[in-house]
Structures are given as structure tokens and as C-alpha cells.
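Written below as C-alpha cells is the structure these notes are about.
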Amino acid sequence: MIKTRTEIKNFKIWMICLTLFLWALLIAAPFLGLLDDSLLYSIFPFLNFGLMIEGTIAGNEIPQFVKDNFSFGVSVACVMIAIALIVLIVYLIVRCVLASQRSKARKVLRKTGYSAEYFALLEKKKKHLKGSYLEAVNDLCLAKEYGDGRRYDTALELLRNVDIDKFKVKDAARYYSLYAYIFILTGNLENAGFAIDLGVPFAEKTKDKSQMEFVSALLQYAQKDYEGAESGFKALLKCHNNEIRVWSGMYLGLIFLRQHKNDNARKTVVALSKFKKTPRQSEDILKLLKKIETAYALEEEERKEEQAANKAQLA
């Protein structure tokens, strides 16, 4: 699901602009003759504090205009603070509503996994954002979730129909990375390479290139270029993208298993335990641990068979 801070961003800007507009209107109104103390106090009598100011400031006499309008100025300032508080409360309410939607989706995901109930919530959000400026970005997030849920056909359909012209450079890089990732998982390596070629120019313009670098290494892995893939995955273990770091470690563990380096595979997977993982990653790590356990069992069985063979030769 699209992140709350992304969805709330434009609303936050509008709320700030609205506050500044109302403040400017309130400050200008007395000078334009649209507001005076009698009108203000007739509407909000509790703001009539009757404050007075006398004396000097830094040795300078306080201007008579300030003395005459000090209490009125304080009252106007109180109205401005009230406006800011009201706008802030509205913003926080909207933010909490949006955050609660994400929280509900996360709870359902933890409880039921990538279930029909979980995707129903995501589809509801998709319908809500249809036609908005966030539709394309949300569809990209939704495609990723369908991919993690192994619903690759649905993910590809979303990616085919998304309006890429609405993407910023960073989102375009994510789009082609995700396209390549799903193509690799479905065995369509030719189109995966094509998607990577299209996405590299966008990735080069972003600070974080880890997603494109990951799918490039994954393509090498799928093409059985394990040496090249190992080099790519090792480099990504130091990246700042936590999800990519976990995936890289898992595939690196698989490569170590192919090389019969069971200890290296175990150490790599154990090191991943300190990182936060997506539900899909948690599922796949359990499968990987079972593979490692099986590899150790086979290694022990081979060792015993070798020992038995050596004893038979001595006898």
C-alpha cells in the first residue's frame, strides 16, 4: 500500500497554504478597513483582553499607534493561533485515518499472509485513488505486493496498464526494476534484460541504485552466472535499502549452497536475522534454512558413508 507520508504530502502543502492565506487575510483586513476591534469583539467578545502597553523599548518611545492597537493586535494574534491549531487538528485527523488504513492492512498481512482479505484492502485503496495524481504510484506499490504474494499475472497486468508518464525519475527506476524482477521470477529472462536496459538510465539519475543493481545480479543468477551474481549480491550487502540487503543475502546463501559452502550459507542467513524483513522474505528465509539443514544432513551422511567405505577397505 502507498505510504502515508506520500498520500498526505499534497494535503499537507494545501493546509500550509490555506493557513498562510488566512493569516495574510487577517493581517491585511484591518488596514483595508474590513476589520476593527469593535467588529472583532462583537464576534468574539472573550478576546477583548483590554491590555495596555506603556514605556520605552531600548530607550525608544513606543509609537502611539502600537499603544492604541496593542490589545487588538494580541487578539488578532490569538485568532491566527486558533486558525493554525484548527488546521493542524484537521491535518492530524486525516493523517491518522490514512495511517490506520495502512496499519489495518499490515495487521491483516501478519495474520493471514498474502490472502484475499489483504488484497481486498489494497484494491479498495486503488479504487479510492483512481483518477488522482497518486494512482500511478499506488498501482506500482500494489504490483509489488501482488508480486510478493506470488500473483505474478496480476502484478504484470498492473504494470502493463500503469501510466508511466506520471512517474518521477525515482518511480520510473522502481517500475522497471519491479518489471524485471517479476519477469525473472516467471522465467522470462529476455524481457527481464529488456526491462533492465530501459530502467538503467533512470536508475543512474537516482541516489539509490540498489534495486536496479539487485535485479541485474538476479538476472545473472537466473542465467547461471553464479560468479557474477555472487559479486553483485555481496556488494549489495552494504547498501542502505534494507529489503534489497535481505534479498541479496538470501540469494548469496543459495549460491553458497550450490558451492557446497554450507557454513558460509548458514552464517549469511543468520546475519540476516538482525534486519527487518517483509512477510515474503520471512517465508523464504524459513525455506532457505530448511535447505541449509538438508545440506548439512547430506554432508553428514556422505561423511559417514566415506568412513564406512574406508573401514571396509582396511578390513
Side-chain angles (χ1 to χ4, degrees), residues 106 109-115 118 144-152 155 177-178 180-189 192-193 196 210-315:
R106 285 196 298 267
L109 179 59
R110 285 196 299 268
K111 184 177 179 180
T112 66
Y114 295 97
S115 62
Y118 175 64
K144 180 184 180 303
E145 292 302 309
Y146 274 118
D148 284 346
R150 297 179 176 84
R151 302 188 182 196
Y152 302 123
S177 297
L178 181 58
Y181 176 68
I182 296 177
F183 275 141
I184 293 169
L185 294 183
T186 54
N188 193 339
L189 304 188
I196 290 173
S210 58
Q211 290 182 332
M212 189 58 68
E213 291 170 350
F214 169 72
V215 291
S216 296
L218 186 60
L219 180 58
Q220 289 178 303
Y221 178 86
Q223 293 171 335
K224 296 181 171 39
D225 178 9
Y226 300 121
E227 185 176 345
E230 181 180 351
S231 178
F233 290 137
K234 280 184 176 178
L236 288 168
L237 292 178
K238 298 178 181 179
C239 76
H240 297 294
N241 188 320
N242 189 66
E243 185 175 355
I244 295 299
R245 191 161 36 175
V246 172
W247 279 125
S248 298
M250 291 170 62
Y251 279 102
L252 195 57
L254 286 171
I255 291 173
F256 286 144
L257 283 180
R258 288 181 175 276
Q259 297 170 341
H260 303 290
K261 297 178 180 178
N262 299 337
D263 289 340
N264 287 350
R266 179 180 57 80
K267 289 176 183 178
T268 301
V269 175
V270 169
L272 300 178
S273 62
K274 63 182 178 182
F275 300 120
K276 184 178 179 180
K277 294 170 280 295
T278 66
R280 169 68 182 270
Q281 288 176 331
S282 296
E283 291 176 10
D284 287 354
I285 279 182
L286 287 176
K287 295 177 183 177
L288 181 53
L289 286 171
K290 290 180 180 179
K291 286 179 180 291
I292 294 173
E293 183 180 343
T294 301
Y296 271 114
L298 289 173
E299 186 179 63
E300 179 63 19
E301 185 177 336
E302 289 173 358
R303 187 183 65 81
K304 289 180 178 179
E305 289 177 355
E306 186 179 353
Q307 287 179 345
N310 290 336
K311 288 180 180 179
Q313 288 179 357
L314 293 174

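We use all heavy atoms of the structure for the numbers below, so side chains are in, but hydrogens, waters and symmetry mates are not.
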What is the ring orientation for Tyr181 with Trp247, classed by angle as parallel under 30°, tilted 30 to 60°, or perpendicular over 60°?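 Ring orientation, 0 to 90° scale: tilted.
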
If I take atom [atom1] from residue [X] and atom [atom2] from residue [Y], how far apart are they, to the nearest 0.5 angstrom?
{"X": "Lys144", "Y": "Leu178", "atom1": "NZ", "atom2": "CG", "result": "8.0 Å"}
{"X": "Leu218", "Y": "Phe183", "atom1": "CG", "atom2": "CZ", "result": "14.0 Å"}
{"X": "Glu299", "Y": "Asn262", "atom1": "CD", "atom2": "CG", "result": "5.0 Å"}

Within the distance-only criterion (no hydrogens, no angle test), does the side chain of [X] pair as donor or acceptor with the backbone N or O of [Y] below 3.5 angstrom?
{"X": "Asn242", "Y": "Lys276", "result": "yes"}
{"X": "Lys277", "Y": "Leu272", "result": "yes"}
{"X": "Gln281", "Y": "Glu243", "result": "yes"}
{"X": "Ser231", "Y": "Gly228", "result": "no"}

Pairs meeting criterion salt bridge (Lys or Arg N to Asp or Glu O under 4.0 Å) with involvement of residues 255-265, two or more places apart: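 Not a single pair qualifies under salt bridge (Lys or Arg N to Asp or Glu O under 4.0 Å).
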
Centre-to-centre under 6.0 Å for Tyr152 and Tyr146, is that the case here?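 That pair fails the under 6.0 Å test.
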
Should the heavy atoms of other residues, nucleotides or ligands under 6.0 Å from CD of Glu300 be counted, would the total exceed 12?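 Correct, the count exceeds 12.
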
Please check if any side-chain donor atom of Tyr114 sits under 3.5 Å from a side-chain acceptor atom of Arg151, or the reverse.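 The answer is no; no qualifying pair exists.
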
In plain terms, say whether Lys234 and Glu230 are close enough for a salt bridge, that is, a side-chain N and a carboxylate O under 4.0 Å apart.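 Yes, this pair counts.
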
Partners meeting side-chain hydrogen bond (donor to acceptor under 3.5 Å, both in side chains) with Ser115 (sequence neighbours left out):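 So Ser115 forms a side-chain hydrogen bond (donor to acceptor under 3.5 Å, both in side chains) with Thr112.
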
